[in-house]
Amino acid sequence: MPAEGTPAQRVVLGVTGGISAYKAVEVCRRLVEAGVHVSPVLTADALRFVGKTTFSALASVPAQSSLFDEASPIPHTRLGQSADLVLVAPATADFLARYAAGMANDLLTATLLATRAPVLVCPAMHTEMWEHPSVQENLDTLRRRGVSVVPPESGALAAGDVGVGRLADPASIVSVALAMLGGRGDLSGRRVAVSAGGTREPIDPVRHLSNRSSGKQGHALAIAALRRGAEVTLVTTVERPVPAHPRLSVVRVDTAAEMESVLSIESDKADVIVMAAAVADFRPKQVATKKLTKDDGVPNIVFEPTPDILCGLVGRRRAGQVIVGFAAETDDPVARGRRKFERKGVDIMVVNDVSAPGVGFDHDTNAVTIMTADETEEVPLTTKDAVADAVLDKVVALLAGQEGRTGAPGAEEH
Ligand code: C5P
């Protein structure tokens with residue numbers, strides 16, 4: 001929620017006519033819950049899928065759907081001028097074409113022409129339509145004009161089809177929207193590097209050794225840091241939709257060695273490093289140049305340890321830099337986590353008991369213990385976004401403490 005006395009940020013939530021319009025109800029609800037003022041604008045076709053009353057009941061003001069039926073004679077300019085963000089979810093192929101062409105033939109497209117606020121579109125459509133060159137060209141045009149896009153995900157579509165085109169998860173859409181609004185800003189001017197996902201260590205040209213990490217917690221940390229104003233580098237092994245945002249760079253890596261080389265460069269400029277990645281502890285010593293086959297018999301793979309990236313980063317830590325490690329444990333997590341905190345020399349250790357229900361790998365929820373030198377805080381089962389904010393609250397507190405002792409860390413960088 002916004003701090004008392006702070007005016008709520010205003011989002012125009014555009015809903016266009018696709019089957020996933022029902023998910024926009026959830027987007028609306030979550031934005032309002034986050035303290036945002038939401039004005040829903042539904043196209044005529046959106047009304048074939050969802051009711052205006054649903055949005056009016058959940059949003060901050062009644063939903064609107066026409067340029068002409070409203071009390072105000074010029075609803076589009078009022079909406080466009082007062083918006084801090086225009087978010088369109090779902091965005092159909094037809095809407096994208098009209099927006100890219102600069103048309104203003106309904107309240108939503110007229111509002112988009114009348115706004116100077118940042119715009120986020122979340123396309124959703126069948127795979128064939130999504131892959132059609134005209135849709136991609138319209139999106140390229142919009143991206144060139146500075147429009148941000150949360151791409152669709154792969155999964156079940158209408159009428160039993162499966163493929164790319166499904167609207168991104170409402171929680172991710174809201175997270176990106178909040179990031180674009182700038183949020184609390186308590187990390188503004190800070191550089192944050194986050195690692196995410198399980199590394200993949202090759203065995204031969206077709207096989208690798210990996211683990212069950214989904215990268216969701218690391219990605220949530222990167223988006224939360226972005227929302228709190230940081231300049232973020234996300235070093236990730238997973239393909240998850242991330243927003244196109246001027247303060248976010250995404251580097252895709254596979255192996256521990258690749259992750260280490262990217263992070264060692266980042267560590268020279270980062271104020272904060274969060275090692276949320278599940279880095280393989282061992283890798284095959286030799287990578288076969290040709291695919292191993294059954295004809296060769298059972299392979300005898302010799303392993304060697306991977307570099308401990310986190311220990312390396314702690315060893316080269318700049319003055320004032322805050323380093324966060326993660327520990328996934330199944331046995332006596334708090335005691336083991338505290339020992340790992342000491343051994344790795346980190347400032348914060350986030351411990352997951354991955355044997356508990358709903359915790360850790362691949363879930364959308366998590367429960368953690370956040371350890372610093374002086375404190376041990378339990379965060380009970382909640383969303384990975386909320387865990388990300390709890391971790392960043394600790395980071396912000398440590399940065400503030402260090403500033404008091406040593407002056408602004410990395411001030412020369414900004
Ligand atoms: O020792 P353990 O693997 O449990 O430590 C987990 C923490 O150390 C995580 O923050 C992980 O990203 C990091 N790590 C690393 N390099 C490794 C193994 C773990 O940076 N080779």
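Remember, it's 1-based here, ligands and their atoms both numbered in the order they're listed. When a residue number appears, it is its place in the shown sequence, counting from 1. The shown structure was predicted, so the numbers you read here are calculated from the model rather than taken from an experiment.
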Requested in this report: Decide yes or no for Leu42 and Phe55: does some side-chain heavy atom of the first lie under 4.5 Å from some side-chain heavy atom of the second?
Outcome: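 In contact.
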
Report task. Find out whether Val88 and Cys122 are in side-chain contact, i.e. whether some heavy atom of one side chain is under 4.5 Å from a heavy atom of the other. Result ->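 Contact flag for Val88/Cys122 side chains = no.
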
Taking [X] first and then [Y], would you say they form a salt bridge - that is, a charged N and a carboxylate O separated by under 4.0 Å?
X      : Y      : result
Glu329 : Arg336 : yes
Lys23  : Asp169 : no
Lys394 : Glu377 : yes
Glu33  : Arg30  : no
Arg10  : Asp84  : no

**Report entry** Part of Ala280 with heavy atoms under 4.0 Å of ligand 1, whether side chain, backbone, both or neither
**Finding:**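 Ala280 to ligand 1: backbone contact only, side chain stays beyond 4.0 Å.
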
Answer with yes or no whether [X] contacts ligand 1, where contact means a heavy atom under 4.0 Å from a ligand atom.
X      : result
Lys340 : yes
Pro307 : yes
Glu260 : no

Heavy atom of the protein closest to [atom] (residue, atom name, distance):
atom                    : result
atom 5 (O) of ligand 1  : Lys344 NZ, 3.0 Å
atom 16 (N) of ligand 1 : Ile309 N, 3.1 Å
atom 7 (C) of ligand 1  : Phe326 O, 2.9 Å
atom 20 (O) of ligand 1 : Leu310 N, 2.8 Å

Hey, which atoms in ligand 1 end up nearer than 4.0 Å to a heavy atom of [X]?
X      : result
Gly325 : 10 (O)
Ala277 : 11 (C), 12 (O)
Asp281 : 3 (O), 18 (C)
Met275 : 9 (C), 10 (O), 12 (O), 20 (O)

Requested in this report: Take atom CD of Gln286 as the centre, draw a 6.0 Å sphere, and report whether it contains more than 12 heavy atoms from other residues, nucleotides or ligands.
Outcome: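 No, the 6.0 Å shell around CD holds no more than 12 heavy atoms from other groups.
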
Query raised in the report: Heavy atoms only: which of Leu263, Val279, Val324, Thr306 is nearest to atom 14 (N) of ligand 1?
Result: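 When every heavy atom of Leu263, Val279, Val324, Thr306 is considered, Val279 comes closest to atom 14 (N) of ligand 1.
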
**Report entry** Intermediate values then yes/no, side-chain hydrogen bond (donor to acceptor under 3.5 Å, both in side chains), Thr376 and Arg338
**Finding:** CA-CA 9 Å; Thr376 300; Arg338 180 56 70 185; 2.9 Å; yes

